[in-house]
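Here is the naming used below: chain letters follow the sequence lines, and residue numbers restart at 1 for every chain.
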Amino acid sequence: MSLFEQIGYLISNYGTYFIQGLLATLVLAIVGTLVGLFLGIFLALLRNIKVVENDSFIRKALKIIGRIFATIHIEVWRGIPMMVQAMLVFFGGAAIGISWSSLGFSSFFNGYMICGLFVITVNTSAYMAEIVRSGMNGVEEGQMEAARSLGMTYMQTVWNVIIPQALKNSLPTIGNEFIVNIKDSSVLNVIGLTELYASVSAATNRNYFQIAGYIIVALIYLVLTLCTSLLIRWLSKDKKNGSSNPFSVKHDASAKGEVK
Amino acid sequence: MNTGIYPIIKVENIAKSFDGNTKVLKDISFDIHKGDVIAILGPSGSGKSTLLRCINQLEVPTKGDICFHEQNIKDLNLNSYRSHVGMVFQSFNLFNNKSVIENCILPQRTVLKRNKKDALEIAQKNLELVGMSDRIYYKPSNISGGQKQRVAIARALCMNPEVLLFDEPTSALDPEMTSSVLEVMKKLASKGMTMAVVTHEMQFAKAVANKLIFMDNGYILANDTPEKVFNSCADQRVNNFLHQEYNETK
């Protein structure tokens, strides 16, 4: 059989394997990125927390503990390869009595998937924390001052003014993290999770058409990442130009309106 | 114009230093009464902006007290106090992620807990007052500097402040935009709004203010009516500065 015939054979006979693998990869990447972003925002806030002079002793202590926790979390999860983390969580979890298989609730969301989701989410949260933090630091100081001068609390300002701007500034980097997750979720096959990469061995273990299998999977990865890149580029461009805003007046000469 | 018996804000002997040794304010005392329009003048670096920031508590004075209706602000809820003392900045500081109308609504909803309908009505009323009612859905990036500053004033007004502090509100604007912002401020003054304005606009200080404070090097050198400070101030430093600036802006 020629390579093209092998590819055709795999697609027609084992197509569902690849589709299931693709679904698993997408779920890992999407959940990992979104929940990781959400956790990352909290971690960024914790790491950015400032101890103020007139804080009570307990408040000061809590703030310092929070900051130390966030710093350790970020450094540890960024400093170890995800493959090692996956093994440590999977076997380490089992050693301390976490039964991953009992946490699974369907054939798709089985124990491996739950463990994989946990690892990719927590791993992503560490990267997202730094992305969000640098986005927050990039927001002009005047935004915080203006909100505080109006009487808004620190948290009200952060949620309503700072975080939305930080996320907008970081959109390309957040999108990049999603692309990384699409690809890096492949390492989670070490714990027995059948995602897109692992679907090749399942599809080729009887026919030995590995090259054809990996070509199929490579093309699927490429299509996913390219589509994501295009989507992010379009989203960032849209935000930058404000073209979605029907009231956009970039070239409106009447912008210098008179006072009534 | 000092209609109130006691001042709305009383600043008593405040000092502010940064990093322990840069003394920006040395010993400042003055009162803001209801209906006052106080122009605060002085050379760059004299501590004018720091003084306003201390009043709004964006900076905490290292010494001295500030009283709001005879209560030390240290004993008040900071955020509720701030909602009574609005501030307008040189760099406008509109929330970039919010439209003009949302800029005016957000603080009302979060701080004063007004309902949507009331907040919207009040925002519209104040935007109309500053001549911005035709641009309410624009993002700050799509309006001019003068328009941004007028929106910032409207946003502060939405909180029904008792005092409005202006920190060089026109310094970043060209003459045309400056006049549009000064017009709004004159309008507010004529409506009896209590204001303290750090400015280099001598004409405005002379025409609108009822009190003029001249600061230099962290001290108040003159605090009187504009006529008296301009015409019969004994301090040579004040005279030189005011007349030089006045001739320039004429």
Side-chain angles (χ1 to χ4, degrees), chain A residues 50-56 59 132 135-136 138-171 236-260, chain B residues 53 56-58 60 74 78-89 91-99 106-112 128-139 141-147 150 152 155-156 158-159 161 165 174 176-177 179-181 183-184 187:
Chain A
K50 282 186 184 74
V51 177
V52 191
E53 229 173 273
N54 47 9
D55 276 340
S56 66
R59 223 180 144 85
V132 173
M136 283 173 71
V139 176
E140 297 159 38
E141 210 177 315
Q143 300 281 307
M144 176 60 88
E145 284 194 342
R148 299 309 302 274
S149 80
L150 288 157
M152 288 168 68
T153 64
Y154 177 80
M155 284 314 285
Q156 284 171 341
T157 310
V158 164
W159 282 122
N160 293 292
V161 180
I162 308 295
I163 295 281
Q165 292 186 51
L167 291 183
K168 191 179 147 191
N169 295 345
S170 323
L171 191 66
S236 319
K237 205 170 163 188
D238 194 39
K239 295 265 182 196
K240 233 182 252 167
N241 294 340
S243 54
S244 61
N245 173 9
F247 302 100
S248 181
V249 281
K250 281 247 141 146
H251 308 293
D252 185 354
S254 67
K256 289 182 184 176
E258 298 291 310
V259 183
K260 274 180 190 165
Chain B
R53 293 170 64 83
N56 192 277
Q57 289 288 288
L58 288 174
V60 181
K74 285 175 194 157
L78 180 58
N79 292 322
S80 130
Y81 162 72
R82 278 174 168 159
S83 70
H84 292 285
V85 182
M87 183 135 177
V88 174
F89 300 85
S91 48
F92 330 124
N93 296 346
L94 291 184
F95 306 139
N96 294 327
N97 58 323
K98 304 271 176 203
S99 66
L106 177 67
Q108 296 186 64
R109 298 271 294 146
T110 50
V111 182
L112 304 178
E128 199 178 329
L129 181 76
V130 301
M132 285 299 295
S133 48
D134 54 340
R135 297 249 189 303
I136 59 173
Y137 297 114
Y138 285 52
K139 281 280 168 70
S141 54
N142 293 330
I143 57 177
S144 71
Q147 292 175 327
R150 276 146 53 195
R155 179 175 69 179
C158 285
M159 309 299 284
L165 310 172
D174 69 29
E176 192 187 354
M177 294 185 197
S179 68
S180 75
V181 171
E183 279 305 312
V184 168
K187 204 155 133 186

ask   = Side chain, backbone, both or neither: which part of B:Met159 has an atom under 4.5 Å from a heavy atom of chain A?
value = side chain

inquiry  = Please classify the contact of B:Ser80 with chain A as side chain, backbone, both or neither, using a heavy-atom distance under 4.5 Å.
reply    = neither

inquiry  = If I measure from the heavy atoms of chain A, does B:Leu165 come under 4.5 Å with its side chain, its backbone, both, or neither?
reply    = neither

Among B:Asn79, B:Val111, B:Thr110, the one residue meeting side-chain contact (heavy atoms from CB on, under 4.5 Å) with A:Thr153 = B:Asn79

inquiry  = Between A:Gln156 and chain B, with a heavy-atom cut-off of 4.5 Å, which part of the residue counts as in contact: side chain, backbone, both or neither?
reply    = side chain

key: chain A contact via B:Phe95 - side chain, backbone, both or neither, heavy atoms under 4.5 Å   = both

request  = Using the side chain to side chain contact (heavy atoms under 4.5 Å, CB included) rule, take A:Glu140 and B:Asn96 through it: C-alpha gap first, then chi angles, then the decisive distance, then the call.
outcome  = CA-CA 10 Å; A:Glu140 297 159 38; B:Asn96 294 327; 3.5 Å; yes

inquiry  = Return the OG to CZ distance between A:Ser149 and B:Arg155, rounded to the nearest 0.5 Å.
reply    = 6.5 Å

Within-4.5 Å side-chain heavy-atom neighbours: B:Leu106 and A:Val161 = yes

task = Can you measure from CE (A:Met152) to CZ (B:Arg109) and round to the nearest 0.5 angstrom?
result = 12.0 Å

query = Which answer fits B:Val85, side chain, backbone, both or neither, if we ask what part of it has an atom under 4.5 Å from a heavy atom of chain A?
reply = backbone

key: salt bridge (charged side-chain N to carboxylate O under 4.0 Å, His left out) pairs, two or more places apart, involving residues 145-164 of chain A   = A:Glu145-B:Arg53

key: Among the listed options A:Asn160, A:Ile162, A:Val139, the residue most often paired with chain B at heavy-atom distances under 4.5 Å   = A:Asn160

ask   = What are the two closest heavy atoms between A:Leu150 and B:Ala156, and how far apart are they?
value = CD2-CA, 4.1 Å

request  = Please look at B:Asn56 and chain A and tell me whether the side chain, the backbone, both or neither of the residue comes under 4.5 angstrom of a heavy atom of that chain.
outcome  = side chain

